[in-house]
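Quick notes on the structure that follows.
Numbers here are sequence positions counted from 1. These values consider heavy atoms only, across backbone and side chains, with no hydrogens, waters or symmetry-generated copies.
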Amino acid sequence: KGIPYEFADRVFEQIRGFGEYGFPESHAASFALIAYATAWLKCHHPAAFLCALLNAQPMGFYSAATLIEDSKRHAVEIGPIDVQVSQWDCTLETIDDTPTSFRVRMGLRFVKGLSGINGHRIVSERKGGPYHSIRTFGERTHLPSATLDTLAECGAFDCFHPDRRQALWQTFAQQPKHADSFDLTEPESAVALEELDALETIEWDYETSFHSPRGHPLGPLRDTLTQQGLPDAIGIQSIANKTLIRYAGIVICRQRPGTANGVVFMTLEDETGFVNLIIRERVYENYRLIARTQSFLGVSGKIQNENGIVHLLADELWIPSLDQQPDPVKSRDFH
């Protein structure tokens, strides 16, 4: 739907053209159709496109976190995991009851260590009415204490307690009780726990669900990065060709094609977008250890900006020096 019929007919005619020399042409035509349809869906139905990709994970080139961050930059609203409304898979929710405007609600399938059986139990138990507290949630679902802890840490109990440390403290009450050696009659006093800051919130998200609908790991650090003269990805797009710059970003993939004469390609990401990095063999060998292992990577090099295509040609690699460091993020390496 929405794809010009004359284009589709022409492509399908090419695909049917399997003759003695037909395969390369038909193969290219089929990929052209897939690329066109994918681009059309991403442009006109970005929320549905993201939802489908997330429910098909693991697949493709990019991680769920990268797909989510890109969608947020294209104005797709992401609803966090919530035991009151999340299904097992990701779903679409209307925004302000507008039938053509959707947010993506993250599914329970992204909670680290949560089995399908337990995830579906959470959904099934909601048919008897909403959960009213962490205590009643535990009593109705009978989930293991470790699972309750993870749900608290990933923010799935924010509907009860927006303070995650307090929510985590409450999950301890759901753990099996053992006979005490002493009869303690004094009631337990309330515990004051420090709230998570923005960076800690995002890090807890990544540690428990491999993504964060609440922000990018470098978002809370942007002021510090700017003070050190380090631009963001969107700013790099307007820097003139052959300009020497320094940049720091999260490594999301590393590639070393066999036909590239030892050149390594990396994609770095921050809260505004991507930076494509080219590392020649000599530079890669000089900085091999941090090039292969560092998640948060600093680069000094020269901008290549030609016809709107921007790359950063690396001369040096280094570890950024910040008072706060983002937790390591898993990347797709050498696949």
Any chance you could measure [X], atom [atom1], to [Y], atom [atom2], to the nearest 0.5 Å?
X	Y	atom1	atom2	result
S212	Y206	OG	OH	6.5 Å
R280	D315	CZ	CG	5.5 Å
K112	E207	NZ	CD	8.0 Å
L312	I245	CG	CD1	5.0 Å
S71	L54	OG	CG	7.5 Å
E203	Q325	CD	CD	10.0 Å

Could you check whether any side-chain heavy atom of [X] comes within less than 4.5 Å of a side-chain heavy atom of [Y], counting everything from C-beta outward?
X	Y	value
P328	K330	no
W88	I122	no
S101	T94	no
L196	R165	yes
M266	I278	no
L148	F137	yes
C159	Y131	no
T267	R332	no

* Distance-only polar pair, side chains of T136 and S133, donor-acceptor under 3.5 Å -> yes
* Consider only side-chain N and O atoms of D70 and Y62, and report whether a donor and an acceptor are under 3.5 Å apart. => no
Shared hydrophobic cluster for [X] and [Y] (ILVMFWY, side-chain gaps under 4.5 Å):
X	Y	value
F31	Y36	no
L41	I78	yes
Y287	L277	yes
I319	V283	yes
I68	L92	yes

Got a salt bridge between [X] and [Y], using NZ or NE/NH1/NH2 to carboxylate O under 4.0 Å?
X	Y	answer
D89	R105	no
R164	D205	yes
R135	E139	yes

Take a 6.0 Å sphere around [atom1] of [X] and say whether it holds more than 12 heavy atoms from other residues, nucleotides or ligands.
X	atom1	value
L244	CG	yes
N241	CG	yes
L193	CG	yes
K302	NZ	no

Mind listing the closest non-hydrogen atom pair of [X] and [Y] along with its distance?
X	Y	value
L218	P326	CD2-CG, 3.9 Å
S321	Q228	O-NE2, 2.9 Å
V76	P46	CG2-CB, 3.7 Å
V123	Q87	CG1-OE1, 3.3 Å
I236	P231	CG1-CG, 3.9 Å
N305	Q237	ND2-O, 3.4 Å

* Any donor-acceptor pair under 3.5 Å from H45 side chain to C43 backbone -> no
* Can you check whether I309's main-chain N or O pairs, donor with acceptor, with N307's side chain at less than 3.5 Å? -> no
* Y284 six-ring face occupied by R292 cation (under 6.0 Å, within 45°) -> no
* Asked: Under the side chain to side chain contact (heavy atoms under 4.5 Å, CB included) criterion, do R256 and E281 qualify, and how do the steps go?
  -> CA-CA 10 Å; R256 194 173 194 177; E281 185 174 20; 3.8 Å; yes
* Does the pair F265 and I279 meet the rule for a side chain to side chain contact (heavy atoms under 4.5 Å, CB included), with working shown? -> CA-CA 6 Å; F265 301 94; I279 308 175; over 6 Å; no
* With respect to L151, which candidate in T171, N118, L143 satisfies the side-chain contact (heavy atoms from CB on, under 4.5 Å) definition? -> L143
* To do: Kindly assign one of parallel, tilted or perpendicular to the pair W40 and H44, based on the angle between their ring planes and the thresholds 30° and 60°.
  => tilted
* Test log, rule side-chain hydrogen bond (donor to acceptor under 3.5 Å, both in side chains), inputs S331 and R254 -> CA-CA 8 Å; S331 58; R254 297 172 172 90; 3.0 Å; yes
* Structure fact -> Paired with H216, the side-chain hydrogen bond (donor to acceptor under 3.5 Å, both in side chains) test is passed by just one of K72, E69, E269, R222, namely E269
* To do: Take K42 and L50 through the side chain to side chain contact (heavy atoms under 4.5 Å, CB included) test and state the conclusion after the steps.
  => CA-CA 8 Å; K42 189 176 188 299; L50 172 65; over 6 Å; no
